[in-house]
Each structure stands twice: as C-alpha cells, then as structure tokens.
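Atom set for the values below is all heavy atoms of this structure, side chains included, hydrogens, waters and symmetry mates excluded. Counting starts at 1 for both ligands and their atoms, following the listed order.
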Amino acid sequence: MTNKCVSEWIKEMASLCQPDSIYWCDGSIEEKERLQQEAINKGELIELNQAKLPGCFYHRTALNDVARTEQLTFICTPDKEDAGPTNNWMSPDEGYRRAGAIFSGSMKGRTMYVIPFSMGPVGSPFSKIGIQLTDSIYVVLNMRIVTRMGKVVTAELDKRSRLLPKRSRLLPKRSRLLPKGVDFTRCLHSIADLDVNRRLILHFPQDNTIWSVGSGYGGNALLGKKCLSLRIASYIAQKEGWLAEHMLIMGIEGPNGNVDYIAAAFPSACGKTNLAMLIPPMGLKHKGYRIWTVGDDIAWMRIGSDGALWAVNPEFGIFGVAPGTNSKTNPTAMATIQSDTIYTNVVLKPDKTVWWEGGDGPIPDNGLDWQGRQWKPGMTDATGTHIKGAHPNSRFTAPITNCPSVSHCIEQHQGVPISAIIFGGRRARLAPLVYESFNWQHGVFVGATMASERTAAQYGALGEVRRDPMAMLPFCGYNMADYFGHWLKMGNLITKPPLIFNVNWFRTDENNNFLWPGYGENLRVLEWIINRCNGKVESIETPIGYVPDIKDMDMTGLDIDTKDMERLLEINPNDWLGELKSIRDFFAQFGDRLPSEIWDEYKALEKRLQRR
Ligand code: OXD
Ligand code: MN
C-alpha cells in the first residue's frame, strides 16, 4: 500500500481500537478458506453439508442483533437541518466522541481486518472505493460476497492516488479533515460487545466516513451496502449530479431480442428480489421473454453522453430475506443459494442443511432454531404463540454471479440504459395495478408520495400507512426535501428521461383476497410499461396519471375476469382526496425547504380529483 493517507488513517483507527494485529485482506480463495476455518474454530460459522450445499456456511447473530436498528442510525452533519426531519441527527463532534468511547480498546485481543472494496465495477470512474476496518470475520466473508474487494481494489486506490496532484496526497493533521480528492470512504466497524446500549451507526457525509459499532447484522455492519451505497452515496450523488437509489435493476428481453431495462423502488420486504429474478408466466412463454438480473436492491444512476439515464448495481452479491423464498415464489433465488452462500439465523437441520418458514421441502421434524435451541414444528411459547424456527429477518448472502438470470452487463462501467422507473408499495385499496406519471416532475411527486400499508397479518393495524418516499426513508443521507429538489433538478438535465410509473401488486377485494396473482404474472404489467416506453400502446388519462386500456394488456393464459381487471385499475377520487391529507401532513414537516414544484403537483392533483 503506497497511499500514505490510507496507512495513516488505519494507524489512527488502530490506536483507537487497539487490535492485537492488523490484517490486509487480499480477496484470494486461500484467504477465504483460512478465514472460514478460523471462524469455524471460533464458533462464528458452522460448516454446512458440503455434499448438498457446497461452499455454504451457517451463522447465528446475537439475539439482540437481528435487523437494522433505525433508531440507532444517525446522520452527523454540523447543521441539523441538513439531516432533515426524517433522519436521526447528531453533531459530528458528539458522534465521534460517543462512538469513539465505545470503539476505544474494542479490538483488544482481536485482529483488525482491512477490507479495501469497490462499490461498482473495479476501475470504473463511477465506482466508489471504501476501506472497511472490522474485527468480525463474518463481516469480512460477507463483504467478500456483496462487494468486489481485495488486492484489485488496493491497486485501483493506489492508481487513483497516483493520479492526484502531489500536494493533496499529504496527510492532514486530523483524518476527518482529509483533503479533497482523496477519494475513499473511511468505514470503521467493530462488533465491540454487541450491547444494544452501546450500538451506534453513524454517517459523517462531510468526512466521507462511517462509524458503526456494537452490531454484526448485515444492514448495520456491511458498510458498503446501506451505509455507503445509499446514505453516503445519496449525499455524494447530490453534489456530483447523479442518483443513488433503493432500486432493483432488471433487463426484459422482448420478443424481438431487444432488452429494455427498468429500475424499481419498493420498500423493504415488498418483493424487489423476486421481481428482479422474475420467471415469465406460461401464458407469455411463446413470446420468448427473458429476464436479466442486474441488481436486486441498489441502483446508482447517471446521465450518459446520450442524455439517457444509465444504471449500475454497485453491489456484487445478494443479501436476501430467507422466509417466504421457495421454488414457487423465486426459483431463481433458490438456484442462486445452493452454493457459496452464508445463511444467517435460519433453521439448522440435523443433516446440516437449512430450512425456513415458507421455504422448500417438508417442514423438518426437528432442528436447531435461529437461537440454537432444539426446535420442532408446532412448538409454542408460554403465551401459546407459535415459535418460528427461522428468524423472520433471517438472510442468505450469495454472489450475484450464482444467479441463473444474472445479466452479462453487471461489469459494464457505464451500466445499462433505463427505459422506465417504477415506484411501488403495498396498498390494499387505493392505488391501481399500474399508472404512468404525466411527466418527470409529476413522476417525482409520485415517488415522493410513495407509501406502504401494514396488514393485520404482518405488522399492525390494517390500513396503517407508512410514507416511504422512493423507498428511501431509512436510507436518504441528507434532508429529504433537498433530495426531492435533486430529483427535480435531474429531470432538467436528462434529455432522454425514462418514463415514471407506479405499480401495486397488492390490491384486494372486499374479502381481503388479492385481486392480482403477482410473481411471474407481473411481467404482463412490465410488458405494458415497456410498450408505453416504446410508444406502442395508448393509455387512458385519469386524475392520478395514465392507466392501461385493458385490451392492451396481454392476458393470455391468465384466468382473471374483466370485472376484476376493472377493479384493479379503478381510481376512486374520494379515497385519493383522503390520501392527500396524509400526504400533506407528511410534507408539512419539511416546511419551506420542500420544493415549490412538489406543492404545485399536490395542488394540481387535488384540482383534478375535485373536478371528477
Ligand atoms: C433492506 C435490505 O433492509 O435490503 O432494505 O436489507
Ligand atoms: Mn433493501
């Protein structure tokens, strides 16, 4: 490593955390095997049945460390207003002081692993380099899957630093005041003592720095993912003029062999991984559709020299939710996780294979649950509640290259051109199956008013709505009002903008039965969307946007009657006027900072609805 700035930063962090040793990860297979063995010896990993699941391992988290802890996640900007009302805020001084006290000596008796990683293809001028320091082998092995890491990235960082003017390579006194141009995200992570009262996930956008302490859970600890690729990247993207989004990217190869790419934002647990890996339904098979998966969670989108929007998946792996994943809901994901996968908090079967609720195969007679306790189906706790074997947020981490539908474009430095942006949420009643925005500005309003309902079966009271603009509520690294403003600005710069749509797979009838079958059948909606992008079909104008004429949707092989299709596409102006109240309350918290264009769209929608 020739970059003095990097080595001095590591020295400074090591003197804070006091590890026994420091190890630079090279990303080799030998290193992976050595670390796996060490993790097995320490009880951090269990080797799974290598005949049935080659290269697969099992991990259990601490009981209190099973999900992202949004309440302990902070944006640390000098001015609270810059974090905005939807983020937790702490001043940088307080953040460094409070987390510093927990990091202090936290790696005594441990090794500090240095992980150089690239978000995006190595060598692409659009990719961002990070270095994560961590004391967790589990984190190293997961970062190895979800990012490109090791020697190649170290070499790339050295190359970038050689290209800098000499003076900016000099080391400043305080690492967090690094000079402009030294371009890597400083990611410090320690599991410390896994005490939830000593857990903090801190982002310092001005310093290009992330400090995460006290958690080993993926979303909190794999710092290249949510922390860098969304929170820090969204801040950088605003400065540099691009978009960092919580979106899947998929290619739809049509009957003529053309591939149209779409990017789609859905709140967590609304089926992004399933959509990105969709299998065309039987009824459309004869058209020869193929789906190409570029990414299932994050999209970085830039304006290309052609004036279109081009998207890259900065990740290299999939960190997916296990429960509910099976050969019917997502056969492609099931194929993806048969090798080289780390399973976390699922059921461990006696034959050292794995299972989860809503998974494949018969329910095992017994096994060890995610807490390591003996588990049998039908067990109940003291209150009579059914005990689940797998944690509801149990996960698999798998290389995207394992995915049978992986796109050959994942290494393309400029990414793929996006024809359509899709926003979506879970709405039992309100939103139609699909509608198209009138234009970019209206599309930004559609994204900004995204919301998802909690169902009685899932989280809370039926119909309760959580507003989640662009599915970025937990991930926007700066004031969300400014984020809307940035989207609007981007619209002025993109000369060939994608069309913007909204979809809702979850509309139900009066008996709470889903009206739309979902899964592979969603391709019928995507087909209409692509046809709209290519100017092949007309649409019907409504107060909220354009909806399909039913005759333009290919329903071959799908038994759904016209009345239900009409209900799926129905727009009830009174319901929408009610929705406007919730939208207004949400927007009000941004005060004067909310761009006037968003209020213009609000008022225009209100007027169109009142006219009906
Ligand atoms: C999420 C995830 O929580 O992708 O959104 O893990
Ligand atoms: Mn996500």
side-chain contact (heavy atoms from CB on, under 4.5 Å) assessment of His203 paired with Cys227
CA-CA 7 Å; His203 305 74; Cys227 300; 3.5 Å; yes
Under 6.0 Å between ring centres, would you say that holds for Trp89 and Phe74?
no
Where ligand 1 meets His246 - atom numbers and elements under 4.0 angstrom, heavy-atom basis:
5 (O)
For atom 5 (O) of ligand 1, what is the closest protein heavy atom, and at what distance to 0.1 Å?
Ser268 OG, 2.6 Å
For ligand 1, which part of Arg395 has a heavy atom less than 4.0 Å away: the side chain, the backbone, both, or neither?
side chain
Does the pair Asp297/Lys225 count as a salt bridge with the N-to-O cut at 4.0 Å?
yes
Carboxylate-amine/guanidinium contact Arg198 Asp193, below 4.0 Å
yes
Nearest 10° is fine: what angle sits at the Mn ion (ligand 2) between OD1 from Asp297 and NE2 from His246?
90°
By number and element, which atoms of ligand 1 are closer than 4.0 Å to a non-hydrogen atom of Asp297?
4 (O)
Can you tell me if an N/O/S atom from Lys272 lies under 2.8 Å from the Mn ion (ligand 2)?
no
Given side chains that start at C-beta, do those of Met143 and Phe117 come closer than 4.5 Å, heavy atoms only?
yes
Sidechain N-carboxylate O distance under 4.0 Å for Asp360, Lys328:
no
Closest protein heavy atom (residue, atom, distance) for atom 4 (O) of ligand 1:
Lys226 NZ, 3.0 Å
Does an N or O anywhere in Tyr217 fall below 3.5 Å from an N or O of ligand 1?
no
Do the charged groups of Glu70 and Lys226 touch, with an N to O distance under 4.0 Å?
no
Could you say whether the N/O atoms of Lys225 and ligand 1 ever approach to under 3.5 Å?
no
Examine ligand 1 and decide if any of its atoms is less than 4.0 Å from a heavy atom belonging to Lys272.
no
